[in-house]
Novice: 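Dumping the structure here so I can ask a few things about it.
Being a predicted model, the structure only gives us computed values, none of them experimental.
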Amino acid sequence: MNTYRAVFKCSAGCPGEHSIWQPIYHCPRCGDLLQVEHDLDRLGDRSAAAWMRLFEDRYKRTTWPYGSGVWGKKEWVCPELRDEHVVSMDEGGTNLFWAERYGGQLGLDDLWVKMCGNSHTGSFKDLGMTVLVSVVRQMMADGAGIRAVACASTGDTSASLAAYAAAAGIPAIVILPRGLVTSAQLVQPLANGARVLALDTDFDGCMAIVQRLVEEEGVYLANSMNSLRIEGQKTLAFEIVQQFDWDVPDVIIIPGGNLGNVSALGAGFDMLLALGLVTKRPRIVVAQAAAANPLYRAFQNDWRFEPMTAEPTIASAIRIGNPVSIRKAIRTLQKYDGLVEQATEEELTDAAARADLTGLFNCPHTGVAFAALEKLVARGDIKASDRVIVISTANGLKFTEFKVDYHARDAASGGRRFANIPVELPNDYDQVRRALDQLAPADHWAVRR
């Protein structure tokens with residue numbers, strides 16, 4: 001019989017515990033966010049080697065629900081969830097792309113990109129949403145009075161919530177800042193039947209409305225201040241080390257907006273360390289857009305945080321000036337020798353395009369991470385010998401306008417270093433041949449022959 005259990009506890013350390021099977025998001029004593037804590041003593045009854053064998057045996061197999069990258073670690077995520085209530089779309093298990101050419105350009109031999117956007121709804125948000133919606137499904141089956149699930153979103157959270165709620169048959173409401181998400185991001189929750197409300201405000205304004213709905217209208221919160229989301233997202237740490245045969249990388253760079261992903265990454269490595277599967281910590285680097293950089297400002301000011309009004313940025317999903325997980329993120333970075341770097345609009349777009357030229361197809365948020373990477377390498381904060389992982393949080397196909405704008409006809413005159421402008425020619429073989437010669441000179445081809 002399964003005797004593993006998990007509970008909510010205050011992330012700031014207040015005494016007491018709370019059931020994860022009730023709608024609670026903040027510590028009743030201090031108001032800080034909660035976090036899920038597991039019975040590590042009970043989990044420690046199984047050796048590290050035995051856990052590794054179990055996780056390897058389950059990884060990407062077809063036995064329900066353990067083939068999922070999240071639910072293959074079910075005992076470490078939500079052990080009391082009954083299998084019949086798991087809502088899974090085979091999330092996780094995304095590839096690690098060896099960025100050999102891009103890394104070579106930067107002087108790095110061991111650069112990898114964790115392609116979290118290669119997921120059901122095209123972003124890493126699926127890792128957390130499978131846990132949250134599964135828990136809500138069991139709560140409703142057990143008689144909880146939940147009218148709907150709701151989130152504020154800059155795009156990816158809404159897509160993930162809508163898909164998982166649709167699969168579970170649970171009503172979903174998503175609240176978006178009007179005009180600040182891409183067409184691809186907007187159409188996803190619409191297609192999955194969510195009630196989409198586009199408000200004349202920014203993300204922080206949408207979040208305020210959602211919090212009132214949660215407090216007053218019997219709606220269950222699906223944003224990352226709900227620590228159940230973090231439980232799924234922390235499996236990113238498990239998966240990275242598993243894919244490297246349980247070896248820990250030196251540096252992990254992750255784009256940061258609302259910052260739940262930062263604390264999730266730390267929580268995952270904390271658990272791996274506590275249960276003996278790894279013996280060291282990576283350095284965690286958070287990359288922010290310069291237009292929405294409250295964590296970067298706090299880092300520069302001895303971790304003293306002040307909310308800001310986020311300015312427009314092409315990295316729309318991280319355009320957040322008052323992140324709800326700021327305190328948890330700062331605690332994580334302090335523990336993980338953390339750094340925070342920022343990227344201007346020009347830097348992030350050029351970095352994304354430069355990496356694209358080596359076979360990737362990056363979202364703008366991954367461009368922020370790549371721009372931070374380039375700065376850290378240039379400064380010497382990342383060494384040539386380091387194994388570096390960049391977390392790509394979303395699929396570039398959700399941001400085709402970003403790509404089109406960068407490579408538009410007037411891009412070359414606009415200072416875009418890596419713009420690739422289409423060449424229009426008449427139906428003339430000689431002109432086509434000359435275009436080929438410019439791309440791959442004939443004398444080089446003749447030598448190789």
Novice: Here's a test for you: under ring pair (Phe, Tyr, Trp, His ring centres under 6.0 Å), which of W76, F238, W71, Y66 qualifies with F55?
Specialist: W76
Novice: The test is salt bridge (charged side-chain N to carboxylate O under 4.0 Å, His left out); show your working for E347 and K375 and say whether it passes.
Specialist: CA-CA 10 Å; E347 288 168 342; K375 288 183 174 183; 3.0 Å; yes
Novice: Taking D250 for its side chain and R283 for its backbone only, find out whether a donor-acceptor pair lies under 3.5 Å.
Specialist: no
Novice: Around R195, counting heavy atoms of other residues, nucleotides and ligands shown, do more than 12 lie under 6.0 Å from its CZ?
Specialist: no
Novice: Hey, are Q288 and H365 close enough side-chain-wise for a donor-acceptor pair under 3.5 Å?
Specialist: no
Novice: Run the salt bridge (charged side-chain N to carboxylate O under 4.0 Å, His left out) test on D32 and K328 for me, step by step, so that the C-alpha distance in whole Å, both residues' side-chain angles and the decisive distance to 0.1 Å come before the verdict.
Specialist: CA-CA 9 Å; D32 209 337; K328 291 172 71 174; over 6 Å; no
Novice: Does N223 reach the main-chain N or O of M225 with its side chain, forming a donor-acceptor pair under 3.5 Å?
Specialist: no
Novice: Within the 3.5 Å criterion, strictly below it, is a donor on N95 or N118 matched to an acceptor on the partner's side chain?
Specialist: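 There is such a pair between these side chains.
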Novice: Once you round to the nearest 0.5 Å, how far does CD1 of I146 lie from CD1 of I170?
Specialist: 7.5 Å
Novice: So R5 and E17, salt bridge (charged side-chain N to carboxylate O under 4.0 Å, His left out) or not? Walk me through it.
Specialist: CA-CA 12 Å; R5 65 188 294 265; E17 61 182 46; 3.2 Å; yes
Novice: If you round to the nearest 0.5 Å, how far is CG of L132 from OG1 of T157?
Specialist: 10.5 Å
Novice: Do E239 side-chain atoms and G93 backbone N/O form a donor-acceptor pair below 3.5 Å?
Specialist: yes
Novice: Quick check: does any side chain N or O of Y25 sit under 3.5 Å from a backbone N or O of L34, one acting as donor and the other as acceptor?
Specialist: no
Novice: Could you tell me whether the side chain of T130 and the main chain of L127 form a donor-acceptor pair under 3.5 Å?
Specialist: no
Novice: Any side-chain to backbone donor/acceptor pair from S392 onto C116? Under 3.5 Å, distance only.
Specialist: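 Checking the backbone N and O of C116 against the side chain of S392, no donor-acceptor pair under 3.5 Å is found.
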Novice: Going by atom types only, do D110 and W112 share a side-chain donor-acceptor pair under 3.5 Å?
Specialist: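 A pair is found: one side chain offers a donor N or O, the other an acceptor, under 3.5 Å apart.
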Novice: Would you check if there is a donor-acceptor pair between the side chains of R229 and N226 at a distance under 3.5 Å?
Specialist: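 No donor-acceptor contact under 3.5 Å links the two side chains.
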Novice: Given salt bridge (charged side-chain N to carboxylate O under 4.0 Å, His left out), test R82 with D142 step by step and report yes or no.
Specialist: CA-CA 11 Å; R82 300 190 293 276; D142 291 343; 2.8 Å; yes
Novice: Report yes or no: is the cationic atom of K114 (NZ for Lys, CZ for Arg) closer than 6.0 Å to the six-membered ring centre of F97, at no more than 45° off its axis?
Specialist: no
Novice: Tell me whether S153 contacts the main-chain N or O of S158 through its side chain, where contact means a donor paired with an acceptor under 3.5 Å.
Specialist: yes
Novice: Think R387 forms a cation-pi with F244, using NZ or CZ under 6.0 Å from the six-ring centre and within 45 degrees of its axis?
Specialist: yes
Novice: Could you tell me whether E306 atom CD has more than 12 heavy atoms of other residues or ligands within 6.0 Å of it?
Specialist: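 Atom CD in E306 is not crowded, with 12 or fewer foreign heavy atoms closer than 6.0 Å.
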Novice: Is there a donor in the side chain of N362 and an acceptor in the side chain of D356, or the other way round, less than 3.5 Å apart?
Specialist: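 There is such a pair (donor and acceptor under 3.5 Å, judged by atom type) between the side chains of N362 and D356.
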Novice: Indicate whether any N or O donor in one side chain lies under 3.5 Å from an N or O acceptor in the other, for Y164 and E91.
Specialist: yes
Novice: Going by atom types alone, do Q35 and E37 pair a side-chain donor with an acceptor below 3.5 Å?
Specialist: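 The answer is yes; a qualifying pair exists.
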Novice: Just by distance, no angles: are the side chains of Q342 and N293 close enough, under 3.5 Å, to form a donor-acceptor pair?
Specialist: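 Their side chains do contain a donor-acceptor pair, which is all the 3.5 Å distance test asks for.
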Novice: Ignoring hydrogens and angles, tell me if any N or O in the side chain of E80 forms a donor-acceptor pair with the backbone of W21 under 3.5 Å.
Specialist: no
Novice: Could you tell me if R327 and S11 have a donor-acceptor pair between their side chains, going purely by distance under 3.5 Å?
Specialist: no
Novice: Any side-chain heavy atom of V340 within less than 4.5 Å of one from Q300?
Specialist: no
Novice: Quick check against the 3.5 Å criterion: does K125 have a side-chain atom that pairs as donor or acceptor with the backbone of A394?
Specialist: no
Novice: Are the side chains of F269 and R281 in touch, meaning some heavy atoms are under 4.5 Å apart?
Specialist: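 Side chain of F269 against side chain of R281, heavy atoms only: no contact under 4.5 Å found.
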Novice: Is there a donor-acceptor pair closer than 3.5 Å between any side-chain N or O of D405 and the backbone N or O of F402?
Specialist: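 Side chain of D405 to backbone of F402, a donor-acceptor pair under 3.5 Å: no, none is there.
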Novice: Going by atom types only, do W246 and E56 share a side-chain donor-acceptor pair under 3.5 Å?
Specialist: yes
Novice: Taking atom types as modelled and ignoring hydrogens, do the side chains of S68 and D90 form a donor-acceptor contact shorter than 3.5 angstrom?
Specialist: no
Novice: Check whether the side chains of E345 and T313 place a donor and an acceptor atom closer than 3.5 Å, and report yes or no.
Specialist: yes
Novice: Do E346 and T349 have a side chain donor and acceptor closer than 3.5 Å?
Specialist: no
Novice: Determine, stepwise, if the pair D126 / T121 fulfils side-chain hydrogen bond (donor to acceptor under 3.5 Å, both in side chains).
Specialist: CA-CA 7 Å; D126 293 350; T121 72; 2.6 Å; yes
